[in-house]
K.L.:
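One structure follows; several queries about it will come next.
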Number of protein chains: 2
Amino acid sequence: MPRSPDRPKRRPPRHDSAQLRSNCPINFVAETFGDKWTLLVIRDLMFKGKRHFGEFRASEEAIASNILADRLQRLEACGVVEKRPDPAHRSKLIYELTQKGRDLMPVMLEITAWSAKHDARTNTPKPFLTAIKRDREGLMKGLLAALDAGQKVGP
Amino acid sequence: MPRSPDRPKRRPPRHDSAQLRSNCPINFVAETFGDKWTLLVIRDLMFKGKRHFGEFRASEEAIASNILADRLQRLEACGVVEKRPDPAHRSKLIYELTQKGRDLMPVMLEITAWSAKHDARTNTPKPFLTAIKRDREGLMKGLLAALDAGQKVGP
DNA sequence: ACGGACTGGTTGCAAACTGCAACCGCCGGG
DNA sequence: CCCGGCGGTTGCAGTTTGCAACCAGTCCGT
């Protein structure tokens with residue numbers, strides 16, 4: 001229990017997401033992707049060929065629509081994702097990774113390899129894992145090409 | 001507002017951290033490291049040569065001691081960190097990365113490279129970045145050796 | 001032996017964030 | 001004209017986070 005009944009001033013809350021706690025690179029991604037959902041959105045964009053709000057919402061992990069809307073907006077604000085109208089359906093929007101987002105590919109592959117090694121429940125196909133070990137560069141090129149073509153390719 | 005004043009049963013909360021939302025490798029690390037602090041603890045262990053509770057607490061980002069205690073306990077529970085008494089000081093404890101924790105090195109290096117490329121404020125030394133690009137394997141070997149020696153080496 | 005400082009935490013409270021489910025305006029198709 | 005899909009928003013409850021005070025055990029100097 002705080003000792004004094006008249007508690008002194010407390011620091012105002014930090015809604016200021018532009019103010020980082022430090023200039024450490026690890027801290028930067030902890031602040032950008034450090035929550036339970038953001039990485040899953042990136043995964044859906046990068047490996048599952050998803051582009052529309054409803055597709056993300058339909059993910060196995062069942063993200064709530066308000067959380068999804070918030071994460072997409074944040075990712076857009078920090079330049080990892082871009083939103084544009086779908087030319088085929090005027091009522092739809094298309095979400096896509098920017099180059100900054102695509103540059104996360106190596107991180108995502110290392111994450112996949114680590115989980116596959118250390119989590120027995122992880123269900124990544126064997127050929128994908130051997131490709132990460134044996135031919136990282138070639139695999140990445142193929143994945144990025146598939147990304148441009150809008151196909152589902154990932155683990 | 002919910003329409004019916006008698007709201008139906010809601011699903012009980014999930015304190016059950018052993019139950020994953022899916023078997024996706026990305027989801028696994030999102031659930032394990034998906035918060036604003038865990039990665040910073042890993043960083044301190046991996047690159048800054050920190051070993052004691054007080055050293056982590058003294059990090060630039062100013063983690064609260066209850067959050068730190070919780071994160072260390074979680075990391076220990078999932079086998080990324082190990083705790084043992086410090087032979088030199090009976091009142092101290094030493095926290096160390098297990099092999100599972102050390103295997104995160106490639107992920108951390110890719111994260112560092114990505115931040116350095118896309119965040120202007122990131123202050124990683126140039127030589128470290130070129131080493132990541134030019135000689136990943138050699139750099140990793142050196143870093144792991146330094147880890148065993150308990151030195152500070154990182155970005 | 002004693003006091004003070006350091007160790008690794010725990011506790012109480014308030015503020016913030018997350019999750020759920022209901023709801024809503026817009027568009028397109030039949 | 002209605003009906004469903006689309007991309008959200010809103011209200012509430014439950015959970016997590018942050019802060020600061022506090023604490024027991026150990027170490028150190030005197």
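No hydrogens, no waters, no symmetry mates; every other heavy atom, side chains included, goes into these values. The structure displayed is predicted, hence computed values, not measured ones. Proteins come first, then strands; the chains are lettered A, B, ... in the order of their sequence lines, and each starts at number 1.
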K.L.:
What nucleotide, of C:dT7, D:dG7, C:dG19, holds the atom closest to the side chain of B:Lys92?
P.N.:
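Within the option list, the nearest is C:dT7.
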
K.L.:
Counting only side-chain heavy atoms from C-beta out, which of D:dG18, C:dA21, C:dT18 sits nearest to A:Ser65?
P.N.:
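Selected nucleotide (nearest to the side chain): C:dA21.
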
K.L.:
Nearest whole angstrom, please: distance from the C1' of D:dC27 to the NE2 of B:His52.
P.N.:
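After rounding, the reported distance stands at 14 Å.
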
K.L.:
With a 4.5 Å heavy-atom cut-off, do A:Lys92 and A:Phe53 have their side chains touching?
P.N.:
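When only atoms from C-beta onward are counted, A:Phe53 and A:Lys92 do not touch, as no gap falls below 4.5 Å.
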
K.L.:
Identify the pairs formed between an N or O of the protein and an N or O of nucleotides 28-30 of chain C at a distance under 3.5 Å, and give each distance.
P.N.:
unit_1	atom_1	unit_2	atom_2	d
C:dG28	OP1	A:Arg90	NE	2.9
C:dG28	OP1	A:Arg90	NH2	3.2
C:dG28	OP2	A:Arg90	NH2	3.4

K.L.:
Using the rule that two of Ile, Leu, Val, Met, Phe, Trp, Tyr join whenever any of their side-chain heavy atoms come within less than 4.5 Å, decide whether B:Ile94 and B:Val80 are in one cluster.
P.N.:
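No; tracing contacts between hydrophobic side chains, which count when under 4.5 Å, never links both residues.
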
K.L.:
Rounded to whole angstroms, how far apart are NZ on B:Lys36 and C1' on D:dG18?
P.N.:
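Nearest whole value for this atom pair: 14 Å.
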
K.L.:
Can you see whether B:Trp114 has A:Arg102 sitting over its ring - NZ or CZ less than 6.0 Å from the centre and within 45° of the normal?
P.N.:
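So A:Arg102 doesn't make the cation-pi contact.
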
K.L.:
Starting from C1' on D:dT9, measure out to CG on A:Asp70 and report it in whole angstrom.
P.N.:
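One finds 12 Å between C1' of D:dT9 and CG of A:Asp70, rounded.
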
K.L.:
A:Glu137: what forms a side chain to side chain donor-acceptor pair (under 3.5 Å) with it, not counting sequence neighbours?
P.N.:
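Once residues adjacent in sequence are excluded, A:Glu137 has no partner under the side chain to side chain donor-acceptor pair (under 3.5 Å) criterion.
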
K.L.:
Rounded to the Å, how far apart are B:Glu31 CD and D:dT15 P?
P.N.:
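Distance, rounded to whole Å: 17 Å.
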
K.L.:
Regarding A:Arg71 and A:Asp35, does a basic nitrogen lie under 4.0 Å from an acidic carboxylate oxygen?
P.N.:
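Here A:Arg71 pairs with A:Asp35 in a salt bridge, since their nearest N and O are under 4.0 Å apart.
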
K.L.:
Expressed as a whole number of angstroms, how long is the span from B:Asn66:CG to D:dC23:P?
P.N.:
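Checked: the CG to P distance equals 17 Å.
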
K.L.:
Can you tell me the distance, in whole Å, between the CZ atom of B:Arg21 and the P atom of C:dT18?
P.N.:
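Distance check: B:Arg21 CZ to C:dT18 P gives 12 Å.
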
K.L.:
I want to verify a distance call: between D:dT17, C:dT18, D:dG7, whose nearest atom is closest to the A:Arg57 side chain?
P.N.:
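Between D:dT17, C:dT18, D:dG7, the one nearest the side chain of A:Arg57 would be D:dG7.
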
K.L.:
According to side chain to side chain contact (heavy atoms under 4.5 Å, CB included), who are the partners of B:Asp44, at least two apart in sequence or on a separate chain?
P.N.:
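So B:Asp44 forms a side chain to side chain contact (heavy atoms under 4.5 Å, CB included) with B:Lys48, B:Lys50, B:Phe56, B:Ser59.
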
K.L.:
Closest-nucleotide mapping onto DNA chain C: is B:Ala69 or A:Ile63 further toward the 5' terminus? I mean the 5' end.
P.N.:
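Going by which nucleotide is closer to the 5' end, it is B:Ala69.
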
K.L.:
Can B:Arg136 and B:Glu110 be said to form a salt bridge (charged side-chain N to carboxylate O under 4.0 Å, His left out), step by step?
P.N.:
CA-CA 10 Å; B:Arg136 252 175 60 111; B:Glu110 294 296 346; 2.4 Å; yes

K.L.:
Rounded to whole Å, how long is the line connecting atom NZ of A:Lys50 with atom P of D:dG7?
P.N.:
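These atoms are roughly 13 Å apart.
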
K.L.:
On DNA chain C, compare the nucleotides closest to B:Leu93 and A:Trp37; which residue's is nearer the 5' end?
P.N.:
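Closer to the 5' end of DNA chain C: B:Leu93.
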
K.L.:
To the nearest Å, give me how far apart CD1 (B:Ile67) and P (D:dT15) are.
P.N.:
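So the two atoms are 17 Å apart, to the nearest Å.
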
